[in-house]
Amino acid sequence: MSDAQGVINPPRRSVGRLILRNTVFSVGAQAALRGLSFLFTILITRTLGDAAFGQYSVVLAWAGLFSFIGDMGVTQYMTREVARDSKRAADLFWDTAALRFILSIAAMIITIGVAALKPDPYEPEVVLAIALYTLSYFLQAVLAPLQSVIAGNERLDILAVLAVLGQIIYMAVGGLFLFAGLNYVWLVVASLVNLPVLIGLSAWAMRRNRLQPPRFHLTLRFWPRLLAAGMPFAMIQVALTFNFQVDTLILKAWQPNEVVGWYNAAYHLTRSLLILGSALIVVIPITLAREHAQNPKSILPWYYRSTKFMAFIGLPLAVGGTLLADKIIRLLYGADYAPAAIAFAILIWDTPLLMYTALCGNLTTSIKKERYSMLFYVSLAALNLILNLIFIPQYGIFTAAVTTVSAELTGALLFYRFFRREFGEGLGFKHMVRLVIAAGLMGVVVYLLRDYHLLINVTVSSVFYLVVVWLIRALTPEERDYLTGLVRRKLGPILRRGRAS
(Lines give C-alpha, C1' and ligand atoms only; values in the text may rest on other atoms or scores of the structure.)
Protein backbone atom coordinates (compact mmCIF):
# COMPACT_ATOMS: atom_id res chain seq x y z
CA MET A 1 0.00 0.00 0.00
CA SER A 2 1.28 3.48 -0.80
CA ASP A 3 0.25 7.03 -0.07
CA ALA A 4 -0.43 9.87 -2.50
CA GLN A 5 3.30 10.51 -2.95
CA GLY A 6 4.00 6.90 -3.78
CA VAL A 7 5.74 6.16 -0.50
CA ILE A 8 5.23 2.60 0.60
CA ASN A 9 3.67 2.44 4.05
CA PRO A 10 4.35 -0.42 6.45
CA PRO A 11 1.46 -2.83 6.87
CA ARG A 12 -0.93 -1.76 9.60
CA ARG A 13 -1.08 -3.89 12.67
CA SER A 14 -4.39 -5.45 13.63
CA VAL A 15 -4.97 -3.62 16.87
CA GLY A 16 -7.99 -5.73 17.69
CA ARG A 17 -6.03 -8.94 17.14
CA LEU A 18 -3.16 -7.74 19.32
CA ILE A 19 -5.49 -6.70 22.09
CA LEU A 20 -7.44 -9.95 21.81
CA ARG A 21 -4.29 -12.10 21.93
CA ASN A 22 -2.84 -10.26 24.89
CA THR A 23 -6.21 -10.07 26.62
CA VAL A 24 -6.82 -13.81 26.23
CA PHE A 25 -3.46 -14.61 27.77
CA SER A 26 -3.86 -11.93 30.40
CA VAL A 27 -7.39 -13.03 31.27
CA GLY A 28 -6.17 -16.59 31.64
CA ALA A 29 -3.23 -15.46 33.73
CA GLN A 30 -5.36 -13.09 35.79
CA ALA A 31 -7.94 -15.81 36.37
CA ALA A 32 -5.21 -18.21 37.44
CA LEU A 33 -3.43 -15.60 39.56
CA ARG A 34 -6.60 -14.31 41.21
CA GLY A 35 -7.82 -17.84 41.77
CA LEU A 36 -4.53 -19.00 43.24
CA SER A 37 -4.10 -15.84 45.30
CA PHE A 38 -7.68 -16.09 46.48
CA LEU A 39 -7.23 -19.65 47.72
CA PHE A 40 -3.84 -18.91 49.24
CA THR A 41 -5.14 -15.80 51.01
CA ILE A 42 -7.89 -17.90 52.57
CA LEU A 43 -5.22 -20.36 53.76
CA ILE A 44 -3.15 -17.50 55.18
CA THR A 45 -6.04 -15.83 56.98
CA ARG A 46 -7.29 -19.06 58.49
CA THR A 47 -3.82 -20.30 59.48
CA LEU A 48 -2.45 -17.05 60.93
CA GLY A 49 -5.63 -15.90 62.63
CA ASP A 50 -7.03 -12.38 62.54
CA ALA A 51 -4.37 -10.74 64.79
CA ALA A 52 -1.31 -12.19 63.00
CA PHE A 53 -2.93 -11.57 59.63
CA GLY A 54 -3.36 -7.96 60.69
CA GLN A 55 0.37 -7.70 61.42
CA TYR A 56 1.23 -9.32 58.10
CA SER A 57 -1.03 -6.80 56.34
CA VAL A 58 0.85 -3.97 58.06
CA VAL A 59 4.17 -5.35 56.77
CA LEU A 60 2.89 -5.39 53.19
CA ALA A 61 1.33 -1.94 53.53
CA TRP A 62 4.42 -0.32 55.05
CA ALA A 63 6.93 -1.83 52.63
CA GLY A 64 4.64 -1.10 49.70
CA LEU A 65 4.26 2.51 50.78
CA PHE A 66 8.00 3.18 50.41
CA SER A 67 8.64 0.93 47.41
CA PHE A 68 8.24 3.83 44.98
CA ILE A 69 11.62 5.18 46.13
CA GLY A 70 13.29 2.18 44.52
CA ASP A 71 11.72 3.00 41.17
CA MET A 72 10.80 6.71 40.98
CA GLY A 73 8.66 6.02 37.93
CA VAL A 74 11.54 5.21 35.56
CA THR A 75 10.26 1.68 34.81
CA GLN A 76 6.82 2.90 33.77
CA TYR A 77 8.41 5.59 31.63
CA MET A 78 10.61 2.97 29.97
CA THR A 79 7.65 0.67 29.30
CA ARG A 80 5.67 3.46 27.68
CA GLU A 81 8.61 4.57 25.51
CA VAL A 82 9.43 1.04 24.35
CA ALA A 83 5.73 0.49 23.55
CA ARG A 84 5.77 3.59 21.34
CA ASP A 85 9.12 2.68 19.73
CA SER A 86 10.80 -0.67 20.47
CA LYS A 87 14.22 0.76 19.53
CA ARG A 88 14.13 2.88 22.68
CA ALA A 89 15.04 -0.22 24.71
CA ALA A 90 18.66 0.18 23.56
CA ASP A 91 18.82 3.65 25.11
CA LEU A 92 16.94 2.98 28.34
CA PHE A 93 17.57 -0.57 29.55
CA TRP A 94 20.89 -0.41 31.38
CA ASP A 95 20.44 3.11 32.68
CA THR A 96 17.05 2.15 34.12
CA ALA A 97 18.42 -1.00 35.77
CA ALA A 98 21.46 0.74 37.26
CA LEU A 99 19.47 3.72 38.48
CA ARG A 100 16.88 1.47 40.08
CA PHE A 101 19.57 -0.49 41.91
CA ILE A 102 20.98 2.69 43.43
CA LEU A 103 17.51 3.94 44.34
CA SER A 104 16.82 0.60 46.02
CA ILE A 105 19.58 1.27 48.55
CA ALA A 106 17.89 4.52 49.57
CA ALA A 107 14.48 2.80 49.64
CA MET A 108 15.79 0.04 51.91
CA ILE A 109 17.36 2.46 54.40
CA ILE A 110 14.28 4.69 54.59
CA THR A 111 11.76 1.83 54.80
CA ILE A 112 13.53 0.05 57.67
CA GLY A 113 14.76 3.18 59.43
CA VAL A 114 11.40 4.92 59.69
CA ALA A 115 9.65 1.71 60.84
CA ALA A 116 12.21 1.17 63.61
CA LEU A 117 12.74 4.76 64.73
CA LYS A 118 9.30 6.38 64.46
CA PRO A 119 7.81 7.61 67.79
CA ASP A 120 5.56 4.55 68.06
CA PRO A 121 7.80 1.85 66.52
CA TYR A 122 6.39 -1.40 65.24
CA GLU A 123 6.96 -4.70 67.01
CA PRO A 124 10.46 -6.21 66.38
CA GLU A 125 8.91 -9.07 64.43
CA VAL A 126 7.11 -6.61 62.12
CA VAL A 127 10.32 -4.63 61.58
CA LEU A 128 12.21 -7.85 60.76
CA ALA A 129 9.59 -8.81 58.19
CA ILE A 130 9.75 -5.31 56.66
CA ALA A 131 13.55 -5.54 56.45
CA LEU A 132 13.35 -8.87 54.64
CA TYR A 133 10.75 -7.49 52.25
CA THR A 134 13.07 -4.65 51.19
CA LEU A 135 15.42 -7.20 49.62
CA SER A 136 12.83 -7.48 46.85
CA TYR A 137 13.65 -3.88 45.84
CA PHE A 138 17.06 -5.01 44.54
CA LEU A 139 15.72 -8.05 42.72
CA GLN A 140 13.00 -5.92 41.11
CA ALA A 141 15.70 -3.52 39.91
CA VAL A 142 16.78 -6.29 37.54
CA LEU A 143 13.43 -7.94 36.86
CA ALA A 144 11.38 -4.83 36.11
CA PRO A 145 13.51 -3.54 33.18
CA LEU A 146 13.59 -7.02 31.65
CA GLN A 147 9.82 -7.26 31.78
CA SER A 148 9.44 -3.69 30.54
CA VAL A 149 11.17 -4.70 27.29
CA ILE A 150 8.84 -7.70 26.96
CA ALA A 151 5.76 -5.60 27.73
CA GLY A 152 6.84 -2.76 25.46
CA ASN A 153 7.08 -5.24 22.58
CA GLU A 154 3.48 -6.25 23.34
CA ARG A 155 4.37 -9.80 24.42
CA LEU A 156 2.08 -9.77 27.43
CA ASP A 157 1.41 -13.44 26.79
CA ILE A 158 4.96 -14.15 27.97
CA LEU A 159 4.51 -12.03 31.08
CA ALA A 160 1.21 -13.76 31.80
CA VAL A 161 2.88 -17.18 31.87
CA LEU A 162 5.75 -15.91 34.01
CA ALA A 163 3.34 -14.30 36.48
CA VAL A 164 1.50 -17.57 36.98
CA LEU A 165 4.75 -19.49 37.45
CA GLY A 166 5.95 -16.94 39.98
CA GLN A 167 2.71 -17.21 41.95
CA ILE A 168 2.89 -21.01 41.97
CA ILE A 169 6.46 -20.92 43.34
CA TYR A 170 5.47 -18.42 46.05
CA MET A 171 2.43 -20.48 47.06
CA ALA A 172 4.38 -23.74 47.15
CA VAL A 173 7.13 -22.34 49.36
CA GLY A 174 4.76 -20.26 51.49
CA GLY A 175 2.42 -23.21 51.94
CA LEU A 176 5.29 -25.39 53.18
CA PHE A 177 6.22 -22.71 55.73
CA LEU A 178 2.61 -22.38 56.93
CA PHE A 179 2.11 -26.13 57.28
CA ALA A 180 5.40 -26.27 59.20
CA GLY A 181 3.88 -23.89 61.76
CA LEU A 182 6.11 -20.92 60.93
CA ASN A 183 4.87 -17.34 61.30
CA TYR A 184 4.17 -14.60 58.76
CA VAL A 185 7.84 -13.54 58.60
CA TRP A 186 8.46 -16.68 56.59
CA LEU A 187 5.75 -15.70 54.14
CA VAL A 188 7.90 -12.68 53.33
CA VAL A 189 10.84 -15.02 52.76
CA ALA A 190 8.66 -17.10 50.44
CA SER A 191 7.81 -13.99 48.40
CA LEU A 192 11.53 -13.52 47.64
CA VAL A 193 12.21 -17.03 46.38
CA ASN A 194 10.43 -16.68 43.05
CA LEU A 195 12.13 -13.43 41.97
CA PRO A 196 15.53 -14.91 40.96
CA VAL A 197 13.68 -17.61 39.01
CA LEU A 198 11.59 -14.98 37.20
CA ILE A 199 14.73 -13.00 36.36
CA GLY A 200 16.29 -16.04 34.72
CA LEU A 201 13.12 -16.98 32.86
CA SER A 202 12.55 -13.40 31.66
CA ALA A 203 16.10 -13.21 30.28
CA TRP A 204 15.66 -16.60 28.58
CA ALA A 205 12.30 -15.55 27.07
CA MET A 206 13.86 -12.38 25.70
CA ARG A 207 16.68 -14.26 24.02
CA ARG A 208 14.30 -16.84 22.61
CA ASN A 209 12.10 -14.13 21.11
CA ARG A 210 15.03 -11.99 19.94
CA LEU A 211 14.29 -9.23 22.42
CA GLN A 212 17.77 -9.23 23.93
CA PRO A 213 18.76 -6.15 25.90
CA PRO A 214 21.57 -4.11 24.34
CA ARG A 215 25.19 -4.47 25.30
CA PHE A 216 26.07 -2.98 28.64
CA HIS A 217 26.56 0.76 28.60
CA LEU A 218 25.67 3.61 30.93
CA THR A 219 25.04 7.26 30.13
CA LEU A 220 25.26 8.96 33.52
CA ARG A 221 24.50 12.39 32.15
CA PHE A 222 21.12 11.05 31.02
CA TRP A 223 20.06 10.06 34.55
CA PRO A 224 18.69 13.47 35.61
CA ARG A 225 16.50 13.54 32.50
CA LEU A 226 15.40 9.97 33.15
CA LEU A 227 14.42 10.85 36.72
CA ALA A 228 12.56 13.93 35.52
CA ALA A 229 10.67 11.92 32.90
CA GLY A 230 9.76 9.32 35.49
CA MET A 231 8.60 11.83 38.10
CA PRO A 232 4.93 11.97 37.01
CA PHE A 233 4.80 8.18 37.10
CA ALA A 234 6.50 8.19 40.50
CA MET A 235 3.91 10.60 41.88
CA ILE A 236 1.12 8.44 40.48
CA GLN A 237 2.70 5.38 42.08
CA VAL A 238 3.05 7.18 45.41
CA ALA A 239 -0.53 8.38 45.37
CA LEU A 240 -1.93 4.99 44.34
CA THR A 241 0.09 3.10 46.92
CA PHE A 242 -0.87 5.65 49.54
CA ASN A 243 -4.55 5.27 48.66
CA PHE A 244 -4.31 1.48 48.87
CA GLN A 245 -2.26 1.28 52.08
CA VAL A 246 -2.92 4.33 54.24
CA ASP A 247 -6.16 2.96 55.71
CA THR A 248 -4.34 -0.16 56.94
CA LEU A 249 -1.58 1.88 58.56
CA ILE A 250 -4.02 4.28 60.26
CA LEU A 251 -6.13 1.35 61.45
CA LYS A 252 -2.97 -0.15 62.95
CA ALA A 253 -2.34 3.08 64.89
CA TRP A 254 -5.83 3.25 66.39
CA GLN A 255 -7.34 -0.25 66.31
CA PRO A 256 -6.27 -3.72 67.51
CA ASN A 257 -4.51 -6.12 65.11
CA GLU A 258 -7.73 -8.13 64.84
CA VAL A 259 -9.56 -5.17 63.30
CA VAL A 260 -6.73 -4.66 60.81
CA GLY A 261 -7.05 -8.34 59.91
CA TRP A 262 -10.81 -8.11 59.39
CA TYR A 263 -10.50 -5.08 57.15
CA ASN A 264 -7.73 -6.55 55.00
CA ALA A 265 -9.58 -9.85 54.62
CA ALA A 266 -12.47 -7.92 53.06
CA TYR A 267 -10.13 -5.66 51.08
CA HIS A 268 -8.13 -8.52 49.54
CA LEU A 269 -11.34 -10.35 48.65
CA THR A 270 -12.61 -7.40 46.61
CA ARG A 271 -9.27 -7.20 44.79
CA SER A 272 -9.52 -10.88 43.86
CA LEU A 273 -12.59 -10.03 41.76
CA LEU A 274 -10.65 -7.85 39.31
CA ILE A 275 -9.94 -10.68 36.86
CA LEU A 276 -11.27 -9.58 33.46
CA GLY A 277 -10.96 -5.89 34.23
CA SER A 278 -7.31 -6.24 35.23
CA ALA A 279 -6.44 -7.92 31.94
CA LEU A 280 -7.89 -5.09 29.87
CA ILE A 281 -6.35 -2.48 32.17
CA VAL A 282 -2.89 -3.89 31.45
CA VAL A 283 -3.28 -4.89 27.81
CA ILE A 284 -5.07 -1.98 26.17
CA PRO A 285 -2.85 0.94 27.24
CA ILE A 286 0.38 -0.80 26.19
CA THR A 287 -0.96 -1.72 22.76
CA LEU A 288 -2.60 1.66 22.25
CA ALA A 289 0.52 3.62 23.21
CA ARG A 290 2.06 2.80 19.83
CA GLU A 291 -1.29 3.14 18.08
CA HIS A 292 -1.75 6.64 19.53
CA ALA A 293 1.65 7.65 18.17
CA GLN A 294 0.43 6.79 14.66
CA ASN A 295 -3.27 7.72 14.80
CA PRO A 296 -4.50 9.37 18.03
CA LYS A 297 -8.21 9.07 17.21
CA SER A 298 -8.01 5.30 16.71
CA ILE A 299 -8.06 4.67 20.46
CA LEU A 300 -11.40 6.36 21.15
CA PRO A 301 -13.58 3.28 20.44
CA TRP A 302 -11.42 1.18 22.77
CA TYR A 303 -12.00 3.60 25.65
CA TYR A 304 -15.78 3.48 25.14
CA ARG A 305 -15.93 -0.30 24.76
CA SER A 306 -13.69 -0.97 27.73
CA THR A 307 -15.67 1.34 30.00
CA LYS A 308 -18.93 -0.30 28.95
CA PHE A 309 -17.44 -3.75 29.51
CA MET A 310 -16.32 -2.85 33.03
CA ALA A 311 -19.77 -1.54 33.91
CA PHE A 312 -21.26 -4.75 32.48
CA ILE A 313 -19.28 -6.99 34.84
CA GLY A 314 -18.69 -4.58 37.74
CA LEU A 315 -22.26 -3.55 38.55
CA PRO A 316 -23.66 -7.06 39.21
CA LEU A 317 -20.55 -7.90 41.26
CA ALA A 318 -21.16 -4.88 43.47
CA VAL A 319 -24.90 -5.46 43.90
CA GLY A 320 -24.57 -9.17 44.60
CA GLY A 321 -21.55 -8.75 46.86
CA THR A 322 -23.36 -6.23 49.05
CA LEU A 323 -26.43 -8.41 49.51
CA LEU A 324 -24.45 -11.60 50.18
CA ALA A 325 -21.52 -10.14 52.13
CA ASP A 326 -22.20 -11.96 55.40
CA LYS A 327 -22.62 -15.34 53.71
CA ILE A 328 -19.48 -14.90 51.58
CA ILE A 329 -17.25 -13.87 54.50
CA ARG A 330 -18.41 -16.69 56.77
CA LEU A 331 -18.05 -19.29 54.04
CA LEU A 332 -14.53 -18.24 53.06
CA TYR A 333 -12.92 -17.06 56.29
CA GLY A 334 -14.98 -18.55 59.11
CA ALA A 335 -16.89 -17.07 62.03
CA ASP A 336 -13.84 -15.27 63.46
CA TYR A 337 -13.91 -12.90 60.48
CA ALA A 338 -17.67 -12.19 60.63
CA PRO A 339 -17.08 -8.46 61.43
CA ALA A 340 -15.39 -8.14 58.02
CA ALA A 341 -18.78 -8.51 56.31
CA ILE A 342 -19.75 -4.86 56.77
CA ALA A 343 -16.44 -3.75 55.26
CA PHE A 344 -16.84 -6.12 52.31
CA ALA A 345 -20.43 -4.98 51.66
CA ILE A 346 -19.09 -1.44 51.20
CA LEU A 347 -15.71 -2.17 49.59
CA ILE A 348 -17.23 -4.30 46.85
CA TRP A 349 -18.45 -1.06 45.25
CA ASP A 350 -14.84 -0.07 44.88
CA THR A 351 -14.39 -2.88 42.34
CA PRO A 352 -16.14 -1.31 39.30
CA LEU A 353 -14.83 2.14 40.24
CA LEU A 354 -11.25 0.90 40.52
CA MET A 355 -11.48 -0.92 37.19
CA TYR A 356 -12.49 2.34 35.53
CA THR A 357 -9.97 4.63 37.23
CA ALA A 358 -7.12 2.16 36.65
CA LEU A 359 -7.98 1.94 32.95
CA CYS A 360 -8.18 5.73 32.68
CA GLY A 361 -4.91 6.21 34.53
CA ASN A 362 -3.12 3.87 32.16
CA LEU A 363 -4.76 5.44 29.12
CA THR A 364 -3.42 8.85 30.10
CA THR A 365 0.02 7.25 29.85
CA SER A 366 -0.80 5.99 26.35
CA ILE A 367 -1.76 9.48 25.16
CA LYS A 368 1.11 11.17 27.05
CA LYS A 369 -1.20 12.95 29.49
CA GLU A 370 0.08 11.26 32.64
CA ARG A 371 0.45 14.59 34.42
CA TYR A 372 -3.33 14.78 34.70
CA SER A 373 -3.38 11.35 36.36
CA MET A 374 -0.70 12.56 38.72
CA LEU A 375 -2.81 15.55 39.76
CA PHE A 376 -5.93 13.43 40.19
CA TYR A 377 -4.24 10.70 42.22
CA VAL A 378 -2.34 13.10 44.47
CA SER A 379 -5.59 14.94 45.20
CA LEU A 380 -7.32 11.66 46.03
CA ALA A 381 -4.45 10.62 48.30
CA ALA A 382 -4.80 13.86 50.26
CA LEU A 383 -8.57 13.39 50.51
CA ASN A 384 -8.11 9.78 51.62
CA LEU A 385 -5.61 10.73 54.31
CA ILE A 386 -7.72 13.54 55.74
CA LEU A 387 -10.93 11.51 55.90
CA ASN A 388 -9.20 8.48 57.41
CA LEU A 389 -7.44 10.54 60.08
CA ILE A 390 -10.71 12.21 61.05
CA PHE A 391 -13.00 9.19 61.15
CA ILE A 392 -11.01 5.94 61.63
CA PRO A 393 -10.07 6.61 65.31
CA GLN A 394 -13.75 6.72 66.21
CA TYR A 395 -15.54 4.50 63.69
CA GLY A 396 -12.91 1.93 62.63
CA ILE A 397 -13.29 -0.30 59.59
CA PHE A 398 -16.71 1.08 58.59
CA THR A 399 -15.20 4.51 57.97
CA ALA A 400 -12.11 3.03 56.27
CA ALA A 401 -14.35 1.23 53.78
CA VAL A 402 -16.59 4.24 53.10
CA THR A 403 -13.55 6.49 52.64
CA THR A 404 -11.97 4.08 50.15
CA VAL A 405 -15.11 3.96 48.01
CA SER A 406 -15.67 7.73 48.29
CA ALA A 407 -12.13 8.50 47.11
CA GLU A 408 -12.42 6.08 44.19
CA LEU A 409 -15.78 7.57 43.19
CA THR A 410 -14.22 11.02 43.20
CA GLY A 411 -11.41 9.74 40.99
CA ALA A 412 -13.90 8.15 38.58
CA LEU A 413 -15.74 11.45 38.22
CA LEU A 414 -12.51 13.35 37.60
CA PHE A 415 -11.38 10.90 34.92
CA TYR A 416 -14.81 10.84 33.30
CA ARG A 417 -14.79 14.61 33.03
CA PHE A 418 -11.25 14.57 31.62
CA PHE A 419 -11.93 11.97 28.93
CA ARG A 420 -15.25 13.52 28.02
CA ARG A 421 -13.31 16.70 27.29
CA GLU A 422 -10.56 14.80 25.42
CA PHE A 423 -12.65 12.28 23.50
CA GLY A 424 -16.16 13.74 23.51
CA GLU A 425 -19.41 11.85 24.00
CA GLY A 426 -19.66 8.19 23.11
CA LEU A 427 -20.30 6.06 26.20
CA GLY A 428 -24.01 5.74 25.43
CA PHE A 429 -25.85 7.01 28.49
CA LYS A 430 -29.07 5.20 27.56
CA HIS A 431 -27.38 1.80 27.49
CA MET A 432 -25.46 2.48 30.71
CA VAL A 433 -28.75 3.23 32.49
CA ARG A 434 -30.14 -0.06 31.21
CA LEU A 435 -27.16 -1.88 32.70
CA VAL A 436 -27.93 -0.24 36.04
CA ILE A 437 -31.57 -1.37 35.76
CA ALA A 438 -30.49 -4.93 34.93
CA ALA A 439 -28.15 -5.03 37.94
CA GLY A 440 -30.91 -3.66 40.19
CA LEU A 441 -33.41 -6.29 39.04
CA MET A 442 -30.77 -8.95 39.60
CA GLY A 443 -30.37 -7.63 43.15
CA VAL A 444 -34.04 -8.38 43.81
CA VAL A 445 -33.48 -11.99 42.74
CA VAL A 446 -30.38 -12.24 44.94
CA TYR A 447 -32.36 -11.02 47.94
CA LEU A 448 -35.27 -13.40 47.32
CA LEU A 449 -32.84 -16.34 47.11
CA ARG A 450 -30.85 -15.46 50.25
CA ASP A 451 -31.95 -18.61 52.06
CA TYR A 452 -30.66 -20.86 49.28
CA HIS A 453 -27.10 -22.11 48.98
CA LEU A 454 -24.68 -19.43 47.88
CA LEU A 455 -23.71 -21.29 44.70
CA ILE A 456 -27.36 -21.69 43.66
CA ASN A 457 -28.06 -18.02 44.36
CA VAL A 458 -25.07 -16.79 42.36
CA THR A 459 -25.79 -19.08 39.40
CA VAL A 460 -29.48 -18.23 39.11
CA SER A 461 -28.91 -14.51 39.63
CA SER A 462 -26.11 -14.39 37.03
CA VAL A 463 -28.24 -16.09 34.39
CA PHE A 464 -31.13 -13.77 35.21
CA TYR A 465 -28.87 -10.73 34.81
CA LEU A 466 -27.62 -11.85 31.40
CA VAL A 467 -31.16 -12.53 30.19
CA VAL A 468 -32.37 -9.11 31.35
CA VAL A 469 -29.37 -7.37 29.76
CA TRP A 470 -30.25 -9.06 26.47
CA LEU A 471 -34.00 -8.44 26.64
CA ILE A 472 -33.86 -4.74 27.54
CA ARG A 473 -31.10 -4.17 24.97
CA ALA A 474 -28.57 -2.84 27.44
CA LEU A 475 -25.93 -3.64 24.83
CA THR A 476 -25.76 -1.86 21.49
CA PRO A 477 -26.53 -3.84 18.32
CA GLU A 478 -22.81 -3.86 17.48
CA GLU A 479 -21.96 -5.27 20.92
CA ARG A 480 -24.68 -7.90 20.66
CA ASP A 481 -23.44 -8.96 17.21
CA TYR A 482 -19.87 -9.12 18.48
CA LEU A 483 -20.83 -11.32 21.45
CA THR A 484 -22.95 -13.70 19.40
CA GLY A 485 -20.22 -13.92 16.77
CA LEU A 486 -17.62 -14.63 19.44
CA VAL A 487 -19.76 -17.40 20.95
CA ARG A 488 -20.32 -18.97 17.54
CA ARG A 489 -16.61 -18.88 16.72
CA LYS A 490 -15.62 -20.41 20.03
CA LEU A 491 -18.42 -22.94 20.53
CA GLY A 492 -19.01 -23.84 16.87
CA PRO A 493 -15.95 -26.12 16.46
CA ILE A 494 -16.72 -27.82 19.79
CA LEU A 495 -20.34 -28.52 18.82
CA ARG A 496 -19.32 -29.80 15.38
CA ARG A 497 -16.78 -32.17 16.92
CA GLY A 498 -19.46 -33.38 19.33
CA ARG A 499 -21.90 -34.13 16.50
CA ALA A 500 -19.18 -35.86 14.49
CA SER A 501 -18.32 -38.16 17.36
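In this structure, Thr270 contributes its side chain and Leu347 its backbone to no donor-acceptor pair below 3.5 Å. Put simply, the side chain of Tyr337 never gets that close to the backbone of Ala265: no donor and acceptor are under 3.5 Å apart. In this structure a side-chain-to-backbone donor-acceptor pair under 3.5 Å is missing from Tyr263 to Ala343. Side chain of Thr403 to main chain of Ala400: no donor-acceptor pair is present (N/O by atom type, distance under 3.5 Å, no hydrogens or angles). Between the side chain of Asn457 and the main chain of Val446, a donor-acceptor pair closer than 3.5 Å is present. Ser202 contributes no side-chain N or O that, together with a main-chain N or O of Ile199, makes up a donor-acceptor pair within less than 3.5 Å. Checking side-chain atoms of Thr47 against main-chain N and O of Ile44 turns up no donor-acceptor pair under 3.5 Å. With hydrogens and angles ignored, the 3.5 Å screen pairs no side-chain donor or acceptor of Ser461 with any backbone N or O of Val458. When atom types are taken as modelled, the side chain of Asn194 and the backbone of Gly166 share a donor-acceptor pair closer than 3.5 angstrom. A donor-acceptor contact shorter than 3.5 Å links the side chain of Trp62 to the backbone of Thr111.
Considering OG1 of Thr410 and CG of Leu383, their distance stands at 5.5 Å, rounded to 0.5 Å. Interatomic distance, CD1 of Ile392 versus CD of Gln255, reported as 8.0 Å (0.5 Å rounding). The CG atom of Leu454 sits 11.0 Å away from the CG atom of Leu449 when rounded to the nearest 0.5 Å. Distance check: Leu353 CG to Ser406 OG gives 10.0 Å after rounding to the nearest 0.5 Å. Between the CG atom in Leu359 and the CE atom in Met355 there is a gap of 10.0 Å [rounded to 0.5 Å]. Atom CD1 of residue Ile109 and atom OG1 of residue Thr134 lie 10.0 Å apart, to the nearest 0.5 angstrom.
We find that Asp350 and Arg271 are joined by a salt bridge, their nearest charged nitrogen and carboxylate oxygen being less than 4.0 Å apart. At a threshold of 4.0 Å, the pair Lys252-Glu123 counts as salt-bridged, since one of the basic side-chain nitrogens sits closer than that to a carboxylate oxygen.
A donor atom on one side chain and an acceptor atom on the other are found under 3.5 Å apart for Asn264 and Thr248.
The shortest heavy-atom contact between Pro232 and Met374 is CA-SD, 3.8 Å. In plain terms, the two heavy atoms of Ala439 and Val319 that are nearest each other are O-CG1, 3.7 Å. The two residues Thr357 and Leu354 have their closest heavy-atom pair at OG1-O, 3.3 Å. Annotation for Gly321 and Phe344: closest pair O-CE2, 3.7 Å, computed over non-hydrogen atoms. In this structure, Leu139 and Pro196 approach most closely via the heavy-atom pair CD1-CD, 4.2 Å. Closest heavy-atom contact between Thr96 and Pro145: CG2-CG, 4.1 Å.
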- [ ] Show your working on side-chain contact (heavy atoms from CB on, under 4.5 Å) between Val188 and Leu128 and close with a plain yes or no.
- [x] CA-CA 10 Å; Val188 177; Leu128 173 61; over 6 Å; no
Task: Stepwise side-chain contact (heavy atoms from CB on, under 4.5 Å) check, Arg450 with Lys327 - done: CA-CA 9 Å; Arg450 270 186 59 84; Lys327 291 180 174 292; 4.2 Å; yes
TODO: Report the C-alpha distance between Tyr356 and Glu408 in whole Å, list the side-chain angles of each, state the deciding distance to 0.1 Å, and finish with yes or no for side-chain contact (heavy atoms from CB on, under 4.5 Å).
DONE: CA-CA 9 Å; Tyr356 177 69; Glu408 208 66 49; over 6 Å; no
- [ ] Verify side-chain contact (heavy atoms from CB on, under 4.5 Å) between Met206 and Ile150, making sure each step is shown before the conclusion.
- [x] CA-CA 7 Å; Met206 288 176 62; Ile150 298 173; 3.6 Å; yes
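Under the rule for a ring pair (Phe, Tyr, Trp, His ring centres under 6.0 Å), the partners of Tyr377 that lie at least two apart in sequence or sit in another chain are Phe415.
The shortest distance between side-chain heavy atoms of Tyr133 and Leu192 does not fall below 4.5 Å. Taking the side chain as every heavy atom from C-beta outward, Thr399 and Ile390 never approach each other to under 4.5 Å. Residues Leu441 and Val445 form no side-chain contact, since every pair of their non-hydrogen atoms from C-beta on lies 4.5 Å or further apart. Within the 4.5 Å cutoff, no side-chain heavy atoms of His268 are placed close to those of Thr45. Counting only heavy atoms from C-beta outward, the side chains of Tyr267 and Thr404 approach each other to under 4.5 Å. Contact annotation: the side chain of Val468 never approaches that of Met442 to less than 4.5 Å [non-hydrogen atoms, C-beta and beyond]. Counting heavy atoms from C-beta outward, Leu135 and Met108 have side chains that approach closer than 4.5 Å. Residues Val58 and Leu249 form a side-chain contact, since some pair of their non-hydrogen atoms from C-beta on lies under 4.5 Å apart.
A tilted orientation is assigned to the rings of Tyr56 and Tyr184, their planes being inclined by 30° to 60°. Using the six-membered ring where Trp is involved, Tyr395 and Phe391 have ring planes that are tilted, between 30° and 60° apart.
Residue Phe398 places its CZ atom among 12 or fewer non-hydrogen atoms of other residues, nucleotides or ligands, all under 6.0 Å distant.
Under the 6.0 Å cut-off for aromatic ring centres, Tyr170 and Phe40 qualify, their centroids lying closer than that. Checked against a 6.0 Å centroid threshold, the rings of Phe53 and Trp262 do not count as neighbours.
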